[in-house]
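To keep things clear, I will list the structure first and then write my remarks on it.
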Amino acid sequence: MTVTDEALTRAPDAAAGGGDAPAGDTAGARVAAALARDLDEGFADLYEAYRGAVFSTALRLCGRWAEAEDLSAEAFLRAYRALAGYEPARVAGLRPRAWLLTILTNVWRNSLRTAARRPPPGPIEDAPDPPDPGEGVEDAAARHETGRELAGLLARLPHQQRAAVVLRHVTDLPVAEIAAVLDLPEGTVKSHISRGLARLRALRAEPGATGPGVTGPGTTRPGTAPDPEQKGGTR
């Protein structure tokens, strides 16, 4: 069971950000200081500290492994280029995790706009959770199926709800940090999380919820009307 699967069974208030807060960005100050001292060495620290969070977030946002790799690579490339133009004092004051995930979500939004001008992609079929080297074969197989199902359901959420749910329950960010990443008030973030989880529960209860009708991020099944939030979900 993934983090988001567990969230679907929790009380709405807890799922929306109540209860115990996830751990903060413990590596942030160390990474920012390293970047301020030396860009290249510090960037290696940045990559090692956050590559997992960036890729997992990208995978759940887009639903496809290869696309998640492309989004992650583009996010780190843009981060490096931006850092090269920052003054040391600005670098030292960064909150690296929130800053990186802000870049990633912007790259993802840009990819959605580009994808809207292309033919729709094929069915989601290759979005397992990132592998755990110590995991048994049976658990890995079960998690792969859960991952594919979850990818299909997330693809049917409006963009802002999808981003908020992924950042809270996959990336495990606190609401305040999600608000910084998405540039939204905390109350709006909590609403997106709560409504997104409620929609996931409803979608999961539908017969054939993740069947062939799911074609990719931002799409709806044949015969269903687009969600009104989908059109205005990006900034």
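These numbers come from a predicted model, not from an experiment.
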Is it the case that more than 12 heavy atoms not belonging to E69 sit under 6.0 Å from its CD atom?
yes

L184 vs Q160 side-chain heavy atoms within contact, under 4.5 Å
yes

First locate atom CG of D25, then atom CZ of R95, and finally report the distance between them rounded to the nearest 0.5 Å.
8.5 Å

As an exercise, state the distance from OG of S72 to OH of Y47, rounded to the nearest 0.5 Å.
8.0 Å

At their closest point, which heavy atom of R162 faces which heavy atom of R60, and how far apart are they?
CD-O, 4.1 Å

First locate atom CZ of R109, then atom CG of N106, and finally report the distance between them rounded to the nearest 0.5 Å.
5.5 Å

Are any non-hydrogen side-chain atoms of T188 and L182 less than 4.5 angstrom apart?
no

Are any non-hydrogen side-chain atoms of L167 and V189 less than 4.5 angstrom apart?
no

Working note: L46 + L35, criterion side chain to side chain contact (heavy atoms under 4.5 Å, CB included); need CA distance, chi angles, decisive distance, verdict.
CA-CA 8 Å; L46 178 82; L35 286 166; 4.3 Å; yes

Kindly indicate whether the side chain of S111, heavy atoms from C-beta on, has any atom under 4.5 Å from the side chain of E74.
no

Indicate yes or no: at least one non-hydrogen side-chain atom of D38 is less than 4.5 angstrom from one of F43.
no

State, to 0.1 Å, how close D45 and A34 come at their nearest heavy-atom pair, and which atoms those are.
OD2-CB, 3.5 Å

Beyond-backbone contact of V170 with T57, side-chain heavy atoms, under 4.5 angstrom:
no

In the structure I gave you, are the side-chain heavy atoms of R97 and L173 within less than 4.5 Å of one another anywhere?
yes

Are L39 and Y86 close enough, and set up right, to give a side chain to side chain contact (heavy atoms under 4.5 Å, CB included), and what steps lead you there?
CA-CA 10 Å; L39 173 57; Y86 287 1; over 6 Å; no

Are R199 and P158 packed together at the side-chain level, in the sense that at least one heavy-atom pair is separated by less than 4.5 angstrom?
yes

Decide whether Q161 and R156 meet the rule of one side-chain donor and one side-chain acceptor closer than 3.5 Å.
no

Taking all atoms of both residues into account, what is the closest heavy-atom pair of P96 and G28, and its distance?
CG-O, 3.5 Å

If I compare all heavy atoms of A163 with all of L61, which pair ends up nearest, and what's the gap?
CA-CD2, 3.7 Å

I need the T105 OG1 to H159 NE2 distance, nearest 0.5 Å.
13.0 Å

Minimum heavy-atom distance L71-L104, with the two atoms named
O-CD1, 3.9 Å

Over all atoms of both residues, closest heavy-atom pair of A49 and A27:
CB-CB, 4.3 Å

For L77 and R81, run side chain to side chain contact (heavy atoms under 4.5 Å, CB included): C-alpha distance rounded to whole Å, both residues' side-chain angles, the deciding distance at 0.1 Å, then the answer.
CA-CA 6 Å; L77 177 61; R81 288 173 174 170; 3.8 Å; yes

Treating T102 as the side-chain partner and A98 as the backbone partner, does any N or O pair qualify as donor plus acceptor under 3.5 Å?
yes

Between K190 and E186, is the salt bridge (Lys or Arg N to Asp or Glu O under 4.0 Å) condition met? List the steps.
CA-CA 6 Å; K190 290 180 180 179; E186 291 188 22; 5.2 Å; no

Atom pair CG/NE2 of L200 and H169 - distance to nearest 0.5 Å:
9.5 Å

Would you check, one step at a time, whether the test side chain to side chain contact (heavy atoms under 4.5 Å, CB included) holds for I193 with I178?
CA-CA 10 Å; I193 295 169; I178 299 171; 4.2 Å; yes

